[in-house]
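One structure is given here, and the rest of the page talks about it.
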Protein chains: 2
Amino acid sequence: MDSRTKILNAASELFLEGGGAGLSVRAISKRAGMSTIGIYSHFQGKQGILDALYIEGFNMVRDAMDVISEGKANKAQVLESCMGYLRVGEQNEAHYRLIFGETDAGYEPSEEAISARNSAFSKLVSVAGSYLPEASTIIERRQIALDVWAIVHGYVSISHHAALTHDPSIDWKAMALRVVEMHLDAAMALNSD
Amino acid sequence: MDSRTKILNAASELFLEGGGAGLSVRAISKRAGMSTIGIYSHFQGKQGILDALYIEGFNMVRDAMDVISEGKANKAQVLESCMGYLRVGEQNEAHYRLIFGETDAGYEPSEEAISARNSAFSKLVSVAGSYLPEASTIIERRQIALDVWAIVHGYVSISHHAALTHDPSIDWKAMALRVVEMHLDAAMALNSD
DNA sequence: GTTTGCTATATAACACTGTTATATCTTAGA
DNA sequence: TCTAAGATATAACAGTGTTATATAGCAAAC
């Protein structure tokens, strides 16, 4: 196996196990069975590792939202796409926290990482936007995508921080979906005037 | 001036200037004009400093939402309360990022800090909940408060991370308020059935 | 076949972090 | 005045990301 992939696998494993806290350069290199220097020759230091995980995270989000085959979406499909997003937020908390800057205060995503983020947001625009009437402008589509994003992200983020009181009977994902649905209905009512 | 307040002021200044990145124990003690040891005798180390700032942050949020004098709120008042929240998120980004775990991966709020958070959320429940019909249950009030919180927090959080592309012409606060208003209307329509 | 040069890897060090053990200084009470 | 307790200072420890230096391996050139 390539040294680069060995390091990446080790980092991904550690990140999954202990989140950002246990993700030190020395821990990664130890797990990968080599010296710390590889992280600086194969990646650009820890920044490069975080970049790789950041991209991995946004690709998860994008793929999870990619449920619409072609053309116009119905409401159920938009909600299913949001459900994919919510599931990623729940099941991949470490990645999700990283892509929303909750892991390392010093980390700044690279150009490539930002384009991965934009790619995920484009997917959301295409999904949420395709629910609007065909005459809708790109501005309107981006707007409703941003609204939906804020709602689902808001619930994911809150659920992560309320994890202290960890009440499993609370269904965050259902709450978020309900708010999204209400918003879609209201937006559709406005746009069809 | 008390040593304790000297340290707290120094920490608050540094936090305001450089966020969580420059907030080191040595930097705080240097700014306060004393040794590092004071942070461990007067506070419980860095955890104690972060706790103080965390509480400060949530008190800002609570006070900013405290716009309703007594009794039932109208929609404008709820929106004004949300506007207060949004302003804190915009003008006190460092504090806001801290209270949503985006500063130090290792920090865990203490019991006192959590009660400050609960106090702020209670304020939101009382504001958003009082907009509902009087017959509404506490469950319904907490639910709409959570919805509103997710929306405004979602927008604040997204605005912080889109700060890379920093387009000042985008009015995040207005977008958030519009979504909140749509949600309030929809929720009111449902609850008055 | 030897030498050169490039790459990958290793070791050790540097500057930083939070934390603490030890020592000094100050001050209030007996 | 002596004592005890608290506040402050210094220095060290273990950890972090990073890098300068040194070694090993291996492919290409002569």
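Residue numbers start from 1 in every chain, and the chains themselves are labelled A, B, ... in the order their sequence lines are given, proteins ahead of strands. All of these numbers come straight from a predicted model, not from anything done at the bench. Worth knowing before you read on, the calculation uses all heavy atoms, side chains too, and leaves out hydrogens, waters and symmetry mates.
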Partners passing salt bridge (charged side-chain N to carboxylate O under 4.0 Å, His left out) against A/E13 (at least two apart in sequence or in another chain): A/R31
Those residues that, when tested against A/D171, pass salt bridge (charged side-chain N to carboxylate O under 4.0 Å, His left out) (two or more places apart):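 Once residues adjacent in sequence are excluded, A/D171 has no partner under the salt bridge (charged side-chain N to carboxylate O under 4.0 Å, His left out) criterion.
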In chain order, what residues pass the side chain to side chain donor-acceptor pair (under 3.5 Å) check against A/E90, with sequence neighbours excluded? A/K173
Using a cut-off of less than 4.0 Å, is there contact between a side-chain N or O of A/H42 and OP1 or OP2 of C/dT7?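 No, outside the criterion.
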Using a heavy-atom cut-off of under 4.0 Å over every strand shown, decide if A/G38 touches base, sugar-phosphate, or nothing. nothing
Would you confirm whether the ring centroid of B/F100 sits within less than 6.0 angstrom of the ring centroid of A/F100? no
Can you work out whether B/I37 or B/K46 has the more 5'-proximal nearest nucleotide on DNA chain C?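 That would be B/K46.
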Name all pairs fulfilling the side chain to side chain donor-acceptor pair (under 3.5 Å) condition that reach into residues 34-48 of chain B, sequence neighbours left out, sorted by first residue then second.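 For residues 34-48 of chain B: none.
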Short side-chain to backbone donor-acceptor contact, A/S12 and A/L8, under 3.5 Å: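 No, A/S12 side chain to A/L8 backbone: no donor-acceptor pair under 3.5 Å.
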Would you say A/S136's side chain and A/P133's backbone share a donor-acceptor pair under 3.5 angstrom? yes
Expressed in angstrom and rounded to an integer, what is the separation of A/R4 atom CZ from C/dT9 atom P? 13 Å
Atom pair distance, as rounded to whole Å: CG in B/L50 and P in C/dG18: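 Interatomic distance, CG of B/L50 to P of C/dG18: 9 Å.
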Provide the start and end nucleotides, 5' to 3', of the part of DNA chain D that has atoms under 4.0 Å from heavy atoms of chain B.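 Span of nucleotides near chain B: D/dT8 to D/dA12.
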Separation between CD1 of A/I28 and CD1 of A/I49, rounded to the nearest 0.5 Å: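 Rounded to the nearest 0.5 Å, the CD1-CD1 separation comes out at 4.5 Å.
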Under a 4.0 Å heavy-atom cut-off, which of residues 11-35 of chain A touch DNA chain D? A/L23, A/S24, A/V25, A/R26
